[in-house]
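I have placed the structure first, in the form of structure tokens, so that the comments after it can refer back to it.
These numbers come from the heavy atoms of this one structure, side chains and all, not from hydrogens, waters or symmetry mates.
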Amino acid sequence: MRGMLMDRTRAACAAVCAGFLLLLTGLLPAAAQSPWPSRNVRFVVPLGPGSGADIGARLFADKLATRWGKPVVVENRPGGDGIVAIAAFVGAHDDHTLLFSPASTFTAHPYLHDKLPYDQSDLLPIARVSNTIVVIAAPASLKVGSLTELVALVRAQPGKLNWATATGISDFLFESYLKDAHLEMSKVPYRDTVQPATDVGEGRIQFYWGALAIVRPHVQAGKAKILAVSNSVHIPDEPAIPTVKEAGFPTLAFDGLVGLFGPRDMADDVRERIAADVREVAGDPTIGARLLTTGQLVSPGRPAEFAASIDEQRAVVARIAKEMGIKPAQQPQ
């Protein structure tokens, strides 16, 4: 009898302990239950190798891999106005697959495409990483010294000059400008952002709007010339090149926000953890120096700060769309 009572007591104690452990586990933060990252991390980049975003992604991937103790793989998925990469990222349904992208890749998507394979809310801002310096370039052989002179040439030769841009928002802003200014140019579509920069140097494209990182080699070779900077700041080592606002084209202004995005259901503590690690890595002086040589400025930001910057960019696009009478096929979230 006594043995039976002892067995029952032990069983009751075991049940109480098990219940306590379950309760304690439930109170623990999600990160403590399943540490992130638990396996390889993948950065999906919507631009090709050699682009500003690609260079930044690889720099941060190397440093973060050391910090996280897990490999960080960069996967370039150019094409389709960034939709190829975004679809791959969203379709992964995986908090270890992140999108490393300029916000300008997708902020104009609702106004440029009748259908999108994703919702704007699928792209959850994690951390701003940098600002890509975005420039407008023309062939050196064109013999124009300013954006004003290039526009005058376009007006004098309607429909004869070609243009290309790197991201959706620059497409949208320039098409809006051409319409408002009653100018005619032929748009040349490209799968990646590197080839049109080469074609500017060869004189096949007369107006190219893209990252300084991929235009600079052609400028240094004497084949292309930078006419203006889209950002609100000058190129640090070339302050004489005007911003588009200074050049008299304020509607072409935008900053090249670049950062990390996660899936919409990513845990808040994981987002904050990644953002904190990005800030730590960005503080490495070698990162800032390397990014500057590729036409980028380190500008790390928390999830809320990054989200606010993206909302500002979306608001600019929405205002222009309203002025042009364009309604979004998909409402921005």
Side-chain angles (χ1 to χ4, degrees), residues 30 34 36-49 51-54 56-58 60-61 64 68 70-130 132 166-172 191-193 256-275 278 301-304 306-311 313-314 317-318 328-333:
S34 54
W36 191 100
S38 60
R39 47 193 164 80
N40 292 1
V41 177
R42 181 167 59 124
F43 286 175
V44 180
V45 180
L47 302 172
S51 64
D54 172 70
R58 294 181 188 279
F60 274 85
L64 290 170
W68 291 339
K70 301 290 182 183
V72 180
V73 180
V74 176
E75 180 180 321
N76 298 94
R77 298 292 294 269
D81 192 22
I83 292 175
V84 172
I86 293 174
F89 156 70
V90 173
H93 302 292
D94 176 17
D95 67 359
H96 284 62
T97 296
L98 309 179
L99 182 70
F100 193 107
S101 172
S104 57
T105 298
F106 59 81
T107 44
H109 272 177
Y111 303 96
L112 294 173
H113 302 279
D114 293 333
K115 292 183 179 180
L116 291 173
Y118 73 96
D119 293 324
Q120 295 281 296
S121 59
D122 288 331
L123 310 180
L124 188 66
I126 296 177
R128 187 179 63 231
V129 174
S130 64
T132 297
T167 60
I169 190 172
S170 48
D171 261 18
F172 188 75
R191 188 174 182 273
D192 61 52
T193 59
L257 304 171
V258 179
L260 282 168
F261 300 83
R264 68 161 75 191
D265 58 352
M266 174 174 270
D268 289 342
D269 61 314
V270 174
R271 290 172 70 201
E272 292 291 349
R273 155 80 190 283
I274 297 172
V278 166
R302 297 176 182 275
F306 191 29
S309 298
I310 294 169
D311 286 343
Q313 196 170 95
R314 283 180 171 141
V317 173
Q330 179 194 89
Q331 290 294 332
Q333 300 292 315

If you apply the rule side-chain contact (heavy atoms from CB on, under 4.5 Å), what do you find for F89 with Y118, and how did you get there? CA-CA 10 Å; F89 156 70; Y118 73 96; over 6 Å; no
Heavy-atom pair with the smallest gap, counting every atom of [X] and [Y]:
X    : Y    : result
P303 : P125 : CB-O, 3.8 Å
F172 : A108 : CB-CB, 3.8 Å
L257 : S309 : CD1-CB, 3.6 Å
I86  : F106 : CD1-CB, 3.8 Å
P78  : G48  : CB-N, 3.9 Å
R39  : D94  : NH2-OD1, 2.8 Å

By ring-ring contact (aromatic ring centres under 6.0 Å, His included), which residues pair with F60, not counting sequence neighbours?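 With neighbours one apart ignored, the set is empty.
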Can you name the side chain to side chain donor-acceptor pair (under 3.5 Å) partners of [X], sequence neighbours left out?
X    : answer
R302 : none
R271 : none
N40  : none
D95  : none

Within this structure, what is the [atom1]-[atom2] distance for the pair [X] and [Y], rounded to the nearest 0.5 Å?
X    : Y    : atom1 : atom2 : answer
L99  : I126 : CG    : CD1   : 9.0 Å
R314 : Y111 : CZ    : OH    : 9.5 Å
T107 : I169 : OG1   : CD1   : 4.0 Å
D269 : I274 : CG    : CD1   : 10.0 Å
F100 : L47  : CZ    : CG    : 10.5 Å
Q120 : I310 : CD    : CD1   : 10.0 Å

Side chain to side chain contact (heavy atoms under 4.5 Å, CB included) partners of [X], counting only residues at least two apart:
X    : answer
S130 : V258, L291, Q296
A61  : F43, V72, V74
P37  : V41, W68, K70, H96, R273

Can you name the residues that form a salt bridge (charged side-chain N to carboxylate O under 4.0 Å, His left out) with R264, not counting sequence neighbours?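 Checked R264 against salt bridge (charged side-chain N to carboxylate O under 4.0 Å, His left out); matches are D119, D122.
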Using the salt bridge (charged side-chain N to carboxylate O under 4.0 Å, His left out) criterion, which residues pair with E75? Sequence neighbours excluded.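 Per chain and number, E75 pairs via salt bridge (charged side-chain N to carboxylate O under 4.0 Å, His left out) with R42, R77.
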Under 4.5 Å between any side-chain heavy atoms of P263 and H93, yes or no?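 The answer is no, as the side chains (C-beta and beyond) never meet within the 4.5 Å cut-off.
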Looking at side-chain heavy atoms only, is the closest gap between P117 and I83 below 4.5 Å?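 The answer is yes; the side chains approach within 4.5 Å.
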Output yes when a side-chain donor or acceptor of H109 lies under 3.5 Å from a complementary backbone atom of D81, and no otherwise.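 Yes: the side chain of H109 pairs with the backbone of D81.
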